[in-house]
Amino acid sequence: MLPRLISVPIILLATSGLFYGAAAGTPPPLVIWHGLGDNYDADGLKSVGDLAKKVNPGTYVYNIRLNEDPSGDRTATFFGDLTVQLAKVCEDLASHPILSTSPSGINALGFSQGGQFLRGYIERCNNPPVRSLVTFGSQHNGVSEFQDCDSDDWMCKTAMGIMKGSVWSSFVQSRLVPAQYFRNPEDLEPYLEYSNFLADINNERETKNKTYAANLASLKMFAMYMFTEDTTAIPKESAWFAEVNRTTGLVTLLQERDIWREDWIGLKKLGEKGRLDFRTAKGKHMKLDDELLTEAFEEYFSPPEDTFDHPGEL
Ligand SMILES: *[C@@H]1O[C@H](CO)[C@@H](O)[C@H](O)[C@H]1NC(C)=O
Ligand SMILES: *[C@@H]1O[C@H](CO)[C@@H](O)[C@H](O)[C@H]1NC(C)=O
């Protein structure tokens, strides 16, 4: 291992000055996008970051935020226009001194809705480029029901109340975050017309954006964890891009859907190269333990073998 570590930068210097200074064995920085009702400064998120550093020493961790004020950041998980929110995140990462200069790109970890938003980042921006994406309990194929809120969470209740009233109005689509990934397979027409985020990011409309597919297909790994007893994000199979018939409960797997067959967003390419993992996490929505996270961090976020293994060359 040691001679290789030493020799790699020398070889790279001879081939391309661009990679100069890229130390082999350094884990890429990790960006984490939290879920609905959470904030970037929360203790739970800090312990996840600490664990990532423990598993892969030297990892720089950045928690994505839409507001430096944690309570404003929490509010932004319920209220806001995802197009605007994503553009801000793209700008923040592209101008971040450490993330934007990492020679091995960055890794990305998305919790719940943060997972489909990170996928949006990859498809629309991907600068700095993501190496591996891991999502836990994300709603990649949307939610077909609105989630229940804690009885004292007025912000959640307000958001869900407004959405239940008129999910397809452009007013709601540009202001309520979960509405922008609402998707009822029995009622696709208004979804295709009005969805401000998911219908676009999943390339479900007639005109497909080829950049989206190319960017997602450039991932080294995309691992999707589904919680086996998830009753919060409905249907739970959305975590695997599956579709569930609301009457019969019949599950249509990703591989049986056009988004895969016609490879609208690059998933089939990833799958055929063995770069798409369908994983399960035992338990309820976002009930994570250190053991499972440790395993995921070892498997997906460990340092590149050498600097040739650069996202741009995959
Ligand atoms: C496709 O997406 C890219 C990245 O967001 C964007 O720059 C481009 O304008 C989009 N192309 C079309 C045809 O919408
Ligand atoms: C769900 O199943 C029912 C009964 O088989 C069928 O009539 C309906 O079209 C299905 N819905 C979708 C969206 O495929």
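One-based numbering along the sequence shown. Both counts, for ligands and for their atoms, begin at 1 and track the order of listing. Please read these numbers as outputs of a predicted model, since none were measured by experiment.
For atom 13 (C) of ligand 2, the closest non-hydrogen atom of the protein is Glu186 OE1, 3.3 Å. Nearest protein heavy-atom neighbour of atom 1 (C) of ligand 2: Asn245 ND2, 1.4 Å. At the top of the distance list for atom 12 (C) of ligand 1, counting protein heavy atoms only, stands Asn209 ND2, 3.4 Å.
By the 3.5 Å distance cut-off applied to N or O atoms, Arg124 is counted among the residues near ligand 1. Between Glu123 and ligand 1, no N or O atom pair is found at a separation short of 3.5 Å.
Residue-environment remark: NZ (Lys287) stays at or below the threshold of 12 foreign heavy atoms within 6.0 Å. Sparse packing is recorded around CG of Asp148, with 12 or fewer heavy atoms of other residues, nucleotides or ligands lying under 6.0 Å away. In Glu91, the CD atom is not crowded: 12 or fewer heavy atoms of neighbouring residues, nucleotides or ligands sit closer than 6.0 Å. Counting heavy atoms of neighbouring residues, nucleotides and ligands inside a 6.0 Å radius, atom CZ of Phe79 exceeds 12 of them.
Counting atoms of ligand 2 from 1 in the listed order, those under 4.0 Å from a heavy atom of Thr248 are 2 (O), 4 (C), 5 (O). Using a 4.0 Å cut-off to heavy atoms of Pro185, the atoms of ligand 2 that qualify are 13 (C).
Of the candidates Asp73, Asn63, Asn39, Asp73 is the only one forming a side chain to side chain donor-acceptor pair (under 3.5 Å) with His34.
The pair Asp50-Lys54 does not count as a salt bridge, with every side-chain nitrogen at least 4.0 angstrom from each carboxylate oxygen.
Note that atom 7 (O) of ligand 1 has no protein non-hydrogen atoms nearby, at separations under 4.0 angstrom.
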